[in-house]
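Just follow the structure's listing: the first ligand is 1, and inside any ligand the first atom is 1.
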Amino acid sequence: MSDELVELAKRRGFFFQAAEAYGGVSGFYVYGPEGAALKRNLEDSWRDRFQVQEGHREIEAPTVMPEPVFEASGHLDGFDDMLIECPECGESHRADHIIEDNTGIEDAESLPLDEIGALIAEHDLRCPNCDTELAGEPVEEFNLMFETTIGPGSGHPGYLRPETAQGIFVEFPRLKEYARNQLPFGITQVGRAYRNEISPRKSIVRVREFTQAELEHFIDPEEDEPPLHRVENAEVTLYSADQQNAEDGGHVRMTIGEAVEEGVITSDWVAYYLGVGQEWYERIGVDMERFRFRQHLAGERAHYASDCWDAEAEVDGDWIEITGNSYRSDYDLSKHGTYSDEDFTVFRQYDEPKVVERATVDPDMSYLGPEFGGVAGDIADALQTLAERDRTAFEGDEVTVEIDRESHAIPVEKTGFGVEEVTEAGEHITPHVVEPSIGIDRVLYTVFAHAYETDEVDDETRTRLALEPELAPTTVGVFPLMDKDGMGETARDIAGDLRARGLDVTYDDSGNIGRRYRRQDEVGTPFCVTVDYESLDDDAVTLRERDSTEQVRVAIADLPDILADLRSGDRAFANL
Ligand code: ATP
């Protein structure tokens, strides 16, 4: 992001580093009044597209979660980045980023640790802080989760969630009840996530506390299909793994439908959400000339994902990941099902009951009890599990089961093994999950950067944030030409009426009108209303549009409806 934009973000209250009075803490940002309003509008717009229009529901789960959650999810073991420390100044760096920043290699994150070490030596890479040679320095895995303790003492470790998703997965047993055990259903969450990033950078792009908007769509992989027809004609820019690996690989333009047909995108569900995502990005003002979907390379995929496409936007020559779109399969629900005592499956009813053969055992406990003592009950359970899994184990004279790493042989005649025909109404399945995971801060950064423009108006350079009306922190600035002869009162009344209509309004009566317009242009206010002397006679005002600087005369009584429609996009300024 250019220096002017960073300065604008600070000066006009969009975002700035936190706790600057105490020197600032790297990776933590504050959204000022304009930024917080922009962020809230962005989140609401996301809710509208990904939740309301798709018929999903939102939950709010805690940000601190106990350790077993992350043992099960794999984050404790696998949520690592590559750390290298400078031997001279002690500064920590992400080893893969040092390679990406200084060589032509694009996705060093996908490479194994030893290769990273070798590349640092081969390219003679140096500490970005003090220019000391890094060759030979150890490259280590660093877990990104912030650890804490729950309650006094250290008996209950907890972690700040590194993604909002786990708060949804862990509650699946209750959520499926809420959904009356019917797939598919989607649960969303907008909330804070925390990652102890090795080196936060690029303002709000890589921070240690950020906001995610995630949708977990639970599906039956065999029965459920997305409404692909709704997005199949959308043209997208794709950067597939094959293209990334090819010598002269580049972007490919095709429709979502073609990408699915040609097997470029393997999951219909992921394809569907790429279409939904693109529609939303366009709606919120991301420049489609600087937007693409990039497929993850095999080594780069998160521990849970079977296919993943990131939405990426270009800002100042860098491609930034703004969304991860993953097919998480049944990974998370299976893990939580195994690690906890709860049931993470749903019952899939057959169209018609099926008659199936089922192997069962009915062990002779009067034999097992005296023979095996305390483990007799465990042996009986193990025999049942084995019968279900492998009938052939019961074909000889003896069958062997293992309890606590000790083998026990049981005569088959004592197991009561048999195969019976039963009628089953359905089966238990573990749902699969499709996940669009949006980083709100990075989207805000992109929207902010793509909206920034300068142009010449009345021989003067003006700075303009061409934010979509739906997102703009303020929808309308209301100005009296001067605060005298009743113009101030009229303007304040108009501001009150517009606020009552639910619009964000700024009232401003200081400085000349041109200056007031510039102030609003700079923070992205799409419309301004000016009350002049004529207004006192004709009950009409001048309504000005930011981007075209066109002005029209509008009756005061019509203003609330007109502005509400302009904000929602139901009416265009050109048609007034
Ligand atoms: P990266 O490779 O950039 O570290 P990631 O692939 O680990 O990101 P995901 O786990 O897919 O990211 O998270 C989903 C989204 O959350 C990302 O697309 C991004 O927009 C956002 N996000 C992730 N980490 C951060 C961060 N440190 N600061 C701000 N946003 C983030």
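Heavy atoms of Asp310 found under 4.0 angstrom from ligand 1: none, in either backbone or side chain. Heavy atoms of Arg206 found under 4.0 angstrom from ligand 1 belong to the backbone as well as the side chain. The proximity of Val443 to ligand 1, defined as any non-hydrogen pair under 4.0 Å, does not occur for either the backbone or the side chain. Only side-chain heavy atoms of Gln212 come within less than 4.0 Å of ligand 1; its backbone N, CA, C and O stay farther off.
Using a 4.0 Å cut-off to heavy atoms of Ile322, the atoms of ligand 1 that qualify are 18 (O), 20 (O). The contact set between ligand 1 and Glu109, taken as ligand atoms under 4.0 Å from a residue heavy atom, comprises 2 (O).
For Asp441, the closest heavy-atom approach to ligand 1 does not fall below 4.0 Å.
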Scan the side chains in residues 282-290 for donor-acceptor partners under 3.5 Å anywhere in the protein, sequence neighbours excluded, and list what turns up.
| unit_1 | atom_1 | unit_2 | atom_2 | d |
| --- | --- | --- | --- | --- |
| Arg283 | NE | Glu470 | OE1 | 3.2 |
| Arg283 | NE | Glu470 | OE2 | 3.4 |
| Arg283 | NH1 | Asp48 | OD2 | 2.9 |
| Arg283 | NH2 | Asp48 | OD2 | 2.9 |
| Arg283 | NH2 | Glu470 | OE2 | 2.6 |
| Asp287 | OD1 | Glu289 | N | 2.9 |
| Asp287 | OD2 | Arg290 | NE | 3.0 |

Residues 8-26 side chain polar contacts: donor-acceptor under 3.5 Å, at least two apart:
| unit_1 | atom_1 | unit_2 | atom_2 | d |
| --- | --- | --- | --- | --- |
| Arg11 | NE | Glu7 | OE1 | 3.2 |
| Arg11 | NE | Glu7 | OE2 | 3.2 |
| Arg11 | NH1 | Glu522 | OE1 | 3.4 |
| Arg11 | NH2 | Glu522 | OE2 | 3.1 |
| Arg12 | NH1 | Arg519 | O | 3.2 |
| Arg12 | NH1 | Glu522 | OE1 | 2.9 |
| Gln17 | NE2 | Val25 | O | 3.4 |

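Selection from Arg195, Arg94, Arg442 by nearest heavy atom to atom 25 (C) of ligand 1 gives Arg442.
Under the side chain to side chain contact (heavy atoms under 4.5 Å, CB included) test applied with Val190, the options Thr211, Asp44, Ile438 reduce to a single match, Thr211.
No side-chain donor from either of Gln166 and Tyr159 sits under 3.5 Å from a side-chain acceptor of the other.
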